[in-house]
Number of protein chains: 2
Amino acid sequence: MAMGRPRAFDVDQALDKALIVFWEKGYEGASLSELTAAMGIKPPSLYAAFGNKEGLFRRALDRYEEMKGGSMDEALAAPTAREAVQRLLCHAASSQCEKGSPHGCMLVTAGLSGGEESSAIREELAQRRQAGCAKIRKRFERAKKEGDLPEDADPAALARYVTAVMNGISVQAAGGATKKELQQVADMALKALPV
Amino acid sequence: MAMGRPRAFDVDQALDKALIVFWEKGYEGASLSELTAAMGIKPPSLYAAFGNKEGLFRRALDRYEEMKGGSMDEALAAPTAREAVQRLLCHAASSQCEKGSPHGCMLVTAGLSGGEESSAIREELAQRRQAGCAKIRKRFERAKKEGDLPEDADPAALARYVTAVMNGISVQAAGGATKKELQQVADMALKALPV
DNA sequence: GAATTTTTTTAGTTTCCACTACATAAGCAT
DNA sequence: ATGCTTATGTAGTGGAAACTAAAAAAATTC
């Protein structure tokens, strides 16, 4: 069988470029001409490889979580729940306002509102934020079993609280807050834990 | 002098309609045809009255804060800082996921990211969020003077923390969280206060 | 009633959007 | 080399975006 002309660009490399644009401008704010320009390819190549804008965005999201998910697992692997949360929040505070990459978590900034035609994307983002929250909840459940948290602690409520603080940090980072300011938020937030 | 044909629609009423659309879809996500349809007017009337989409949005924002600012001042008027924060967070949790109006605070959801042409709007939103934070900080400063907060408390850091939690509540509300869940976040957040 | 001023209506404008038809190019198998 | 298959570049598609020119309509003042 004939194999066809090989692809002239690297898919992952192109996704990384697209990711930056989506992260910076959001799903609706990123135009196809910006995307193709950043990726160094023409529209037909993009559509052949990713289907459409929505498909490209989902692939970029996968790439984003591949990149960021690791450090979350790492933080949650801390010996105690308190230390896990501390690492989580500190990492959020510092990573979300770094020079060289857009500020704020992409799962928050890329699509909180928009037209009807992008509602599926907002659903997807909300679902992925929820998945992050569930991971934290599981860590609290484990902590409870290990006696690391009091008997009356509510893992789900704790996880939602931590998630809310992280989401809030994203909003403030997107609005131009400094790393020091976000660090203070993280420190304050820690004091609410029942340990 | 001749007075000209009188306006056939009520400006404030039209602004309220536009506000709902902007709140629901965000600045970029709200199209002029949706806006004019909701307002019950034609584009030329809109442009004559508000200049352009950006001007309309700013006026709608004013209207939004006129509406929401009152309950914030009311919450901050509570006798103690702790009670003020409690009212603030509880009100956020309940008001931001009410049936009949879009979920989440408009200052957060209407524009966290987008194209270059709407950067002024994002600046404006960030500035107004900042103004809210400053109001809270002032309340903490007063509390410190009144001995309501310990000597070593940092009003600015506390205010940023409370603001972050409120912003986080907005993100979760926009993502479909229930009132009960947000209430739990508010309760948790309160425990971080040094009183 | 005529002149003046401002709003409204109609019917567009330009520009950019996501997306694609089509011809060409580049690899493989025979 | 000749097919065969898939990717690429050129050049566009229809449609929706924000916005507006021009005429008709509704009020005032003289």
Side-chain angles (χ1 to χ4, degrees), chain A residues 1-15 17-19 21-22 24-61 110-111 113-122 124, chain B residues 1-15 17-18 21-22 24-60 110-111 113-122 124:
Chain A
M1 278 291 267
M3 287 286 280
R5 177 173 176 171
R7 193 168 269 141
F9 65 95
D10 181 79
V11 170
D12 285 337
Q13 206 168 315
L15 272 176
K17 298 294 189 181
L19 170 58
V21 178
F22 278 129
E24 179 89 37
K25 315 237 173 160
Y27 174 70
E28 288 191 338
S31 75
L32 254 114
S33 44
E34 283 172 304
L35 288 164
T36 51
M39 298 166 84
I41 62 177
K42 303 275 160 61
S45 300
L46 191 156
Y47 283 87
F50 306 106
N52 55 16
K53 187 183 179 182
E54 193 171 326
L56 174 63
F57 183 77
R58 285 179 206 274
R59 292 283 300 273
L61 261 191
S113 65
E116 190 63 41
E117 71 280 1
S118 62
S119 72
I121 291 296
R122 287 192 296 283
E124 170 94 30
Chain B
M1 280 291 265
M3 285 289 279
R5 175 173 179 172
R7 192 168 270 143
F9 65 95
D10 181 79
V11 170
D12 284 338
Q13 206 168 314
L15 272 176
K17 298 292 190 181
V21 178
F22 277 131
E24 177 90 35
K25 314 234 173 167
Y27 174 70
E28 289 191 336
S31 75
L32 256 121
S33 43
E34 283 172 304
L35 288 164
T36 52
M39 298 165 85
I41 61 177
K42 304 272 161 64
S45 300
L46 191 155
Y47 283 88
F50 307 105
N52 55 17
K53 187 182 179 183
E54 193 171 325
L56 174 63
F57 183 77
R58 286 179 206 273
R59 292 283 300 272
S113 65
E116 190 62 41
E117 71 280 2
S118 62
S119 71
I121 291 296
R122 286 192 298 282
E124 169 95 29

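Order of the sequence lines sets the chain letters (A, B, ...), proteins ahead of strands, with each chain counted from 1.
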Applying salt bridge (Lys or Arg N to Asp or Glu O under 4.0 Å), can you list everything that pairs with Asp10(B), at least two apart in sequence or on another chain?
none
Using salt bridge (Lys or Arg N to Asp or Glu O under 4.0 Å) as the criterion, list what pairs up with Arg5(A), not counting sequence neighbours.
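In terms of salt bridge (Lys or Arg N to Asp or Glu O under 4.0 Å), with neighbours along the sequence ignored, Arg5(A) is linked to no residue.
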Expected list for residues 29-52 of chain A near DNA chain D, using heavy atoms below 4.0 Å, is Lys42(A), Pro44(A), Ser45(A)
Of the nucleotides dC19(D), dT7(C), dA27(D), which one has an atom closest to the side chain of Arg7(B)?
dT7(C)
What does the inter-axis angle of the helix from dG1(C)-dC30(D) to dT30(C)-dA1(D) come out as, five pairs per end, nearest 10 degrees?
0°
Between side-chain atoms of residues 33-45 of chain B and protein atoms elsewhere (two or more places apart, or another chain), which donor-acceptor pairs fall under 3.5 Å?
residue  : atom : partner  : partner atom : Å
Ser33(B) : OG   : Ser31(B) : OG           : 3.2
Glu34(B) : OE1  : Ser31(B) : N            : 3.0
Glu34(B) : OE1  : Ser31(B) : OG           : 3.3
Glu34(B) : OE2  : Lys25(B) : NZ           : 2.5
Thr36(B) : OG1  : Leu32(B) : O            : 2.9
Thr36(B) : OG1  : Ser33(B) : O            : 3.1

Could you state the [atom1]-[atom2] distance from [X] to [N], rounded to the nearest angstrom?
X: Asp10(B); N: dT7(C); atom1: CG; atom2: P; result: 15 Å
X: Glu117(B); N: dA17(D); atom1: CD; atom2: C1'; result: 11 Å
X: Glu28(B); N: dC16(C); atom1: CD; atom2: C1'; result: 13 Å

Please set out all donor-acceptor pairs under 3.5 angstrom arising from side-chain atoms of residues 114-121 of chain A, sequence neighbours excluded.
residue   : atom : partner   : partner atom : Å
Ser118(A) : OG   : Glu28(A)  : OE2          : 2.7
Ser118(A) : OG   : Gly115(A) : O            : 3.2
Ser118(A) : OG   : Arg122(A) : NH1          : 2.9
Ser119(A) : OG   : Glu116(A) : O            : 3.3

Looking at residues at least two apart in the chain, or sitting in another chain, which of them share a side chain to side chain contact (heavy atoms under 4.5 Å, CB included) with Glu24(A)?
Pro102(A)
Closer to the 5' end of DNA chain C via nearest nucleotide, is it Arg5(B) or Gly4(A)?
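Here Arg5(B) is the residue nearer the 5' end.
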Pairs meeting criterion salt bridge (Lys or Arg N to Asp or Glu O under 4.0 Å) with involvement of residues 44-60 of chain B, two or more places apart
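Sorted pair list: Glu54(B)-Arg58(B), Arg58(B)-Glu124(B).
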Under the side-chain hydrogen bond (donor to acceptor under 3.5 Å, both in side chains) test, which residues partner Gln13(B), sequence neighbours left out?
none
Nearest 0.5 Å, please: how far is CZ in Phe22(B) from CG in Leu56(B)?
4.5 Å
